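The structure appears below as structure tokens.
As the structure is a computational prediction, the values presented were derived from the model and not from experiment. FYI, the numbering just counts along the sequence from 1.
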Amino acid sequence: MGTTEQLNTRPLTHPFIEIMDTTLRDGEQTSGVSFLPHEKLMIARMLLDDLNVDRMEVASAKVSEGEKDAVKMIVNYAENAGILQKVEVLGFVDGHQSVDWIADCGARVINLLAKGSLKHCTTQLAKSPEEHLDDIMRSIEYADSKGFDVNIYLEDWSSGMSDSPEYIYTMMDRLVRTPIRRFMLPDTLGITNPLQVIDFFRKMRRRYPEVHFDFHAHNDYDLAVSNSLAAVLCGAKGLHVTVNGLGERCGNAPLASVQVILRDQFGARTNIKEDKLNDVSRLVEEYSGIAVAPNQPIVGDNVFTQVAGVHADGDNKDNLYCNALVPERFGRSREYALGKTSGKANIELNLQKLGLQLTPEQMNKVTKRITELGDRKEIVTQDDLPYIVNDVLKHTTPEEKVKLISYMVTSTYGLKPIASIKVEINGNQYAAESTGDGQYDAFVKALRKIYKVNLDRTFPILANYAVSIPPGGRTDALVQTVITWRNGDKVIRTRGLDADQTEAAIKATLRMLNIYEESQ
């Protein structure tokens, strides 16, 4: 590799990289995802106010009246906040139509979609490169006359660099003389690898050293993050990302992963506030209906959970199994899972958080019980620990404050389910009946009746209810119910495991009530 090539791939000293989020445009092209206007506004506000992205692509022009309403809402918010130039809308080479649509919304930045490969130009548009360029020039001139900032996508650029580079150079030679602010180079089909990105970007930078280039990655080969880093390595000044990697087919480069790799592996600077990454991820997960994988880097449920006991032991001694991705950096905390591989170190760390101390003999007994539960696929949480200790060491720990004496739930076609229950709370027995929208709902309403009528007390509010098959299970295996309750500012999350879904939920509820009574 020659000297020039080495310079072209040598990282700059702490370069600044613009982050353009396209969750609301390209991310919404995820199959089954369609954000309502108010949802788009809420996501936009969090991206701009909390996360502090540099730019945001919020829609495609001419899609629908609902889309226009969403853009107008976002534009109104951004204008009042003095950040209107951060809001961008995808437009097309269609004369005046896209520009007029965007102008009617009040936005001032158009991302013009042009063809970046000869095949797309001649096959999809059925036009010669000269005809397409003339159309692009007219669109740019009109947008400029309306006071717009103009960025341009060279759609299918990666294929164009492979198959028709002279077509791209012909376009660029003419377009660099226009008011275009950013040239956005997409790997539209997600077909490149990092070495190709380096090669293509090196050629573009060599011919057009003063141009601002963005890179827009797709994840078809699971290389979107790697390709984005390769583009920065060769001089890209901006990257396009989406929250949780949403996007067409396999999605786009996930914002959280791109951010931490830029900072930790490359020493680059961005304006992103990392402690808000998890909050944005949860909001988009809720509105999109697309669940984040538990092992998704940075934002997955499990990424800051140590399972192996040897890891907990090392962390306890000198954070031997921690890296730069400390959970506090992202507004989260490290957890130590309890199961068959956890060992004493994990259990000790969890007990410390609860303020519980055990003798070595007691610790051996508790460890054995947790290992047995892990062998049966049962997930043990920190909230479960006091009851495992109680069960194993009955002679040294208090009895449960809430016990289920008996219950019966019935379900008849055409009628609401009925629950009849008898419970013991702090040594006193109470009975109640109630109907509900389901068997478990009827059970909980009967419990609420006891707390209200007999005890004159409030009852925690159900915040989330999730049913799943335990890890490694099958459709005919045990059912796991995870229930989240809120009691003021405190969140209580418990699990129940049983062959029957209602029974599993009841077990989880009783665990919650014991935690609740202990706190009272």
Side-chain angles (χ1 to χ4, degrees), residues 1-12 15 17-20 22 26 29 111 113-124 129 151-173 175-176 182-242 245 247-255 257-259 261-262 265-268 297:
M1 185 179 292
T3 303
T4 303
E5 292 182 342
Q6 290 175 344
L7 288 173
N8 283 342
T9 59
R10 183 175 298 151
L12 302 173
I17 305 300
E18 273 189 354
I19 299 298
M20 194 275 266
T22 183
D26 211 354
Q29 293 177 196
N111 293 340
L113 187 67
K115 298 301 181 183
S117 70
L118 181 62
K119 185 175 182 180
H120 269 225
C121 177
T122 57
T123 303
Q124 190 171 37
N151 305 316
I152 193 165
Y153 276 108
L154 298 182
E155 185 184 18
D156 199 37
W157 167 79
S158 53
S159 295
M161 289 300 291
S162 295
D163 305 332
S164 51
E166 289 307 316
Y167 165 82
I168 293 176
Y169 300 148
T170 299
M171 291 189 69
M172 288 292 302
D173 288 344
L175 293 173
V176 292
R182 299 176 181 86
F183 287 81
M184 305 190 294
L185 309 179
D187 182 17
T188 304
L189 303 179
I191 57 175
T192 59
N193 62 53
L195 294 179
Q196 291 172 308
V197 173
I198 289 172
D199 180 42
F200 295 161
F201 253 88
R202 184 186 299 133
K203 290 173 180 176
M204 296 292 285
R205 290 278 297 153
R206 186 180 296 145
R207 290 181 69 105
Y208 313 103
E210 303 304 318
V211 168
H212 177 118
F213 287 118
D214 281 1
F215 182 61
H216 179 106
H218 278 265
N219 205 35
D220 295 68
Y221 280 95
D222 204 18
L223 290 171
V225 175
S226 300
N227 287 339
S228 297
L229 181 63
V232 169
L233 190 67
C234 291
K237 295 182 179 180
L239 293 176
H240 296 189
V241 297
T242 60
E248 201 158 21
R249 304 185 310 278
C250 300
N252 294 34
L255 188 159
S257 297
V258 167
Q259 164 62 26
I261 289 177
L262 281 176
Q265 305 293 340
F266 193 68

Requested in this report: Run the numbers on Met20 and Arg182 for side-chain contact (heavy atoms from CB on, under 4.5 Å), then give the verdict.
Outcome: CA-CA 12 Å; Met20 194 275 266; Arg182 299 176 181 86; over 6 Å; no
Would you please name every residue forming a side chain to side chain contact (heavy atoms under 4.5 Å, CB included) with [X], sequence neighbours left out?
X: Asp163; answer: Ser159
X: Tyr169; answer: Met161, Pro165, Glu166, Lys203, Met204, Arg207, Tyr208
X: Gln196; answer: Thr192, Asn193, Phe200
X: Lys119; answer: Ser117, Thr123

Query raised in the report: Is the distance between the ring centroids of His240 and Tyr153 under 6.0 Å?
Result: yes
Looking at side-chain heavy atoms only, is the closest gap between [X] and [Y] below 4.5 Å?
X: Phe266; Y: Ile261; answer: no
X: Asn111; Y: Met184; answer: yes
X: Ile198; Y: Leu233; answer: yes

Taking all non-hydrogen atoms of both residues into account, name the closest pair between [X] and [Y] and its distance.
X: Ser226; Y: Pro194; result: CB-CG, 3.7 Å
X: Ser257; Y: Pro297; result: OG-CB, 4.0 Å
X: Ile17; Y: Gly238; result: CG2-CA, 4.2 Å
X: Phe201; Y: Ala231; result: CE1-CB, 3.7 Å
X: Pro186; Y: Leu154; result: CD-O, 3.0 Å
X: Asp187; Y: Ser158; result: OD1-OG, 2.7 Å

Query - Intermediate values then yes/no, side-chain contact (heavy atoms from CB on, under 4.5 Å), Asn252 and His216 - result: CA-CA 8 Å; Asn252 294 34; His216 179 106; 3.5 Å; yes
Report summary line: Taken in chain and number order and not counting sequence neighbours, the residues that satisfy side-chain hydrogen bond (donor to acceptor under 3.5 Å, both in side chains) with Glu155 are Lys115
Report task. Could you tell me which residues satisfy side-chain hydrogen bond (donor to acceptor under 3.5 Å, both in side chains) with Thr22, sequence neighbours excluded, listed by chain and number? Result -> Glu57
Query raised in the report: How far apart are the C-alpha atoms of Leu239 and Leu262, what are their side-chain angles, what is the distance that settles it, and do they pass the side-chain contact (heavy atoms from CB on, under 4.5 Å) test?
Result: CA-CA 10 Å; Leu239 293 176; Leu262 281 176; 3.9 Å; yes
Query raised in the report: Can you tell me how far the CG atom of Asp156 sits from the CG atom of Leu185, to the nearest 0.5 Å?
Result: 12.0 Å
Query raised in the report: To the nearest 0.5 Å, what is the distance between CE (Met171) and CG (Leu118)?
Result: 10.5 Å
Query raised in the report: Can you tell me if Asn219 uses its side chain to pair, donor with acceptor, with the backbone of Ala224 under 3.5 Å?
Result: yes
Query - Residue pairs involving residues 212-229 (criterion salt bridge (Lys or Arg N to Asp or Glu O under 4.0 Å); sequence neighbours excluded) - result: Arg55-Asp214, Asp220-Arg249
Query - Sequence neighbours excluded, every pair satisfying salt bridge (Lys or Arg N to Asp or Glu O under 4.0 Å) that has a member inside residues 225-237 - result: none
Query raised in the report: Going through the distances and angles, do Phe213 and Trp157 end up as a ring-ring contact (aromatic ring centres under 6.0 Å, His included)?
Result: CA-CA 12 Å; Phe213 287 118; Trp157 167 79; 8.1 Å; no
**Report entry** With Phe183 via ring pair (Phe, Tyr, Trp, His ring centres under 6.0 Å) - residues at least two apart
**Finding:** none
